[in-house]
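Contents: one structure, followed by commentary.
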Amino acid sequence: MKILVIGSGGREHALCWALKKSPLIETLICAPGNGGIEEIAEIAPIKVEDIDGILAFCKEKAVDFVVVGPEAPLVEGLVDRLTEAGIKSFGPTAAAAALEGSKGFMKDLCQEFDIPTAAYQRFDNAEDAKKYLATQDLPIVIKADGLAAGKGVIIAATIDEAEATIDEIFSGLFGSAGAEIVIEEFMTGEEASFFVLTDGENILPLATAQDHKAVGEGDTGPNTGGMGAYSPAPVMTEEMITATIDQIIKPTVRAMKSRGAPFTGVLYAGLMITDKGPRLIEYNVRFGDPECQVLCARLDSDLLPALMATADGTLDQASLDWKADRALNVVMAANGYPGSYEKNTVINGLDKAAAIEDVVVFHAGTKREGGKVLATGGRVLGITAIGKTVKHAQEKAYSGVRAIQWPEGFSRSDIGWRAVMREEQDNK
Ligand code: AMP
Ligand code: GLY
């Protein structure tokens, strides 16, 4: 089969790396890919937002199956267009992708179907938003309704900060994504990422994972797309998984079907594990990144049949096996990220890192030029390792990080600290 993966991040490198092992695949293509993906897949230089270009390519090359990585083309209707053209794909329709594309849509759905989440209100003007704000406790969470490249969530500690945020968003800070806002209760607890494949009716839960969102050591500083991740997530006990499936995932899948927009693809619930059990922070309609990298590292089955069963509506007949090993990923990002950073700096030592046993280096923002690998993005590499314990996986991932020479980049030194601490406590 001829498979096209859409995207250019660490997530897509990990998906290509997993798919590459499938005996069912003759040709693996990625659009637009990156400096790491080009070593294992053919590259089609088409931007993810170029839906017409992707369609034309699929027709010309007779692509059998498209796996869509990022949310933006899903929200824009890539899967709808592919389906109209008779091309099979993995991912939700635009109507179903509204679970990520509109926070207001997702919150209203939760309210209607009793799915545990933070209390909230939606607003389309600053005046009403501020009136509501005055009645709420602090800190408070303010979110742009639409897609804002992971930056649309502000946690305000004071009324002044919250009011300034509301004014900024309605003045166009996030463009049209901020035409509406959601103001919601601040929840406390430990976060976890929970992924299921669903064909609109059946669900297949994946292994659990947790990421580190904050840029700084000890989970401090501004939020990023994720500075590292590990799998499994110790906080996701059997009991917590069951509660999440019964209270959050299944009602959502049923609700989307009853609304005439069945969700197919990977549904990613960002959870807050609170004293009262799991509560939904947000939905994403794609794999998390870097979570996808640790999931792929632990996967012990052919990924393709499960993705195809998701698209075909036969997920009840699919299964996935996972290694008992733990996986841990350390993101290397350009100095300055998540703020501004320099581009086209040279990265050395990649082969040395990749040669370490149980270590795989996934590329995110890189390109190859003149025999060199250059950094082109904020998050640039994901050094991923497996080991018998999280501690072992952590040691191997950091030996990979140390093998890489890239003075213009940085990583956190404490990825996995909570899980390692739990392991140490369990061993006492
Ligand atoms: P989101 O894009 O909605 O996942 O939000 C990004 C991050 O903001 C989450 O991963 C949380 O760390 C934080 N966050 C969002 N909503 C809340 C909330 N209601 N309470 C506490 N933290 C939140
Ligand atoms: N790692 C968080 C995300 O992919 O949204």
Side-chain angles (χ1 to χ4, degrees), residues 1-44 61 63-69 88-91 195-197 204-209 229-232 265-266 286-312 314-315 317-329 350-351 353-364 366 381-388 393 396-397 400:
M1 264 187 294
K2 199 178 272 184
I3 309 292
L4 174 66
V5 175
I6 304 291
S8 61
R11 167 181 50 213
E12 288 77 20
H13 192 180
L15 289 173
C16 285
W17 178 82
L19 289 169
K20 187 78 186 168
K21 300 180 201 165
S22 173
L24 303 167
I25 299 180
E26 280 132 30
T27 313
L28 181 64
I29 314 166
C30 186
N34 62 35
I37 295 173
E38 71 172 62
E39 294 212 295
I40 56 170
E42 290 176 21
I43 295 296
K61 301 281 177 189
V63 169
D64 296 297
F65 189 58
V66 182
V67 178
V68 188
K88 203 189 281 191
S89 60
F90 174 83
F195 302 90
V196 300
L197 297 182
L204 177 62
L206 306 185
T208 60
Y230 48 95
S231 173
V266 57
R286 48 163 176 91
F287 283 103
D289 196 12
E291 293 95 319
C292 186
Q293 302 179 40
V294 284
L295 292 183
C296 287
R298 286 190 62 216
L299 187 63
D300 212 7
S301 303
D302 187 345
L303 179 60
L304 185 66
L307 300 187
M308 295 196 80
T310 303
D312 288 338
T314 54
L315 204 51
Q317 291 153 43
S319 64
L320 287 171
D321 295 325
W322 303 91
K323 295 189 175 114
D325 288 338
R326 274 59 185 134
L328 184 135
N329 160 287
L350 287 161
D351 290 343
I356 302 171
E357 200 181 357
D358 297 329
V359 172
V360 41
V361 177
F362 291 121
H363 290 225
T366 71
L381 299 169
I383 319 303
T384 307
I386 54 171
K388 291 279 166 254
K396 283 187 243 182

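Side-chain atoms are counted along with the backbone in the values below, which use heavy atoms only and exclude waters and symmetry mates. Since this is a predicted model, take the numbers as computed values, not measurements. The first residue in the sequence is number 1, and the count goes up from there.
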Donor-acceptor pair, [X] side chain versus [Y] backbone, under 3.5 Å?
X	Y	answer
Glu38	Gly35	no
Arg298	Lys323	yes
Ser89	Val67	no
Arg11	Phe287	yes
Asp64	Lys2	yes

Taking atom [atom1] of [X] and atom [atom2] of [Y], what is their separation to the nearest 0.5 Å?
X	Y	atom1	atom2	result
Ser301	Leu320	OG	CG	5.0 Å
Glu357	Ile386	CD	CD1	9.0 Å
Ile6	Glu12	CD1	CD	9.0 Å
Leu315	Thr310	CG	OG1	4.5 Å
Tyr230	Glu291	OH	CD	10.5 Å
Phe90	Arg286	CZ	CZ	12.5 Å

With Asp300, which residues qualify under salt bridge (Lys or Arg N to Asp or Glu O under 4.0 Å), at least two apart?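 With sequence neighbours excluded, Asp300 shows a salt bridge (Lys or Arg N to Asp or Glu O under 4.0 Å) to no residue whatsoever.
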Do you know which of Leu350, Asp351, Thr366 makes side chain to side chain contact (heavy atoms under 4.5 Å, CB included) with Val361?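 Of Leu350, Asp351, Thr366, side chain to side chain contact (heavy atoms under 4.5 Å, CB included) with Val361 is met by Leu350 alone.
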Any side-chain heavy atom of [X] within less than 4.5 Å of one from [Y]?
X	Y	answer
Ile25	Lys20	no
Leu24	Met308	no
Glu42	Cys30	no
Asp325	Asp358	no
Leu303	Lys21	no
Leu299	Trp322	yes
Cys296	Leu15	yes

So which atom in [X] and which in [Y] form the shortest heavy-atom distance, rounded to 0.1 Å?
X	Y	value
Gly9	Asp289	C-OD2, 4.2 Å
Cys16	Ile37	SG-CG2, 4.0 Å
Leu295	Ala209	CD2-CB, 4.4 Å
Lys396	Gly387	NZ-CA, 3.9 Å
Ser22	Asp302	OG-OD2, 2.9 Å
Gly400	Ala353	O-CB, 3.5 Å

Does Leu4 form a side-chain contact (heavy atoms from CB on, under 4.5 Å) with Lys61? I'd like the steps, not just the answer. CA-CA 10 Å; Leu4 174 66; Lys61 301 281 177 189; over 6 Å; no
May I ask you to check whether Asn34 and Ser8 show a side-chain donor-acceptor distance below 3.5 Å?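 No - no donor-acceptor pair under 3.5 Å links their side chains.
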Decide yes or no on side-chain contact (heavy atoms from CB on, under 4.5 Å) for Lys88 and Asp312, but give the supporting numbers first. CA-CA 9 Å; Lys88 203 189 281 191; Asp312 288 338; 2.9 Å; yes
Can you tell me if Lys388 has over 12 outside heavy atoms packed within less than 6.0 Å of its NZ?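 Open.
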With side-chain contact (heavy atoms from CB on, under 4.5 Å) as the criterion, how do His363 and Glu39 come out once you've worked through the C-alpha distance, each side chain's angles and the decisive distance to 0.1 Å? CA-CA 11 Å; His363 290 225; Glu39 294 212 295; 5.6 Å; no
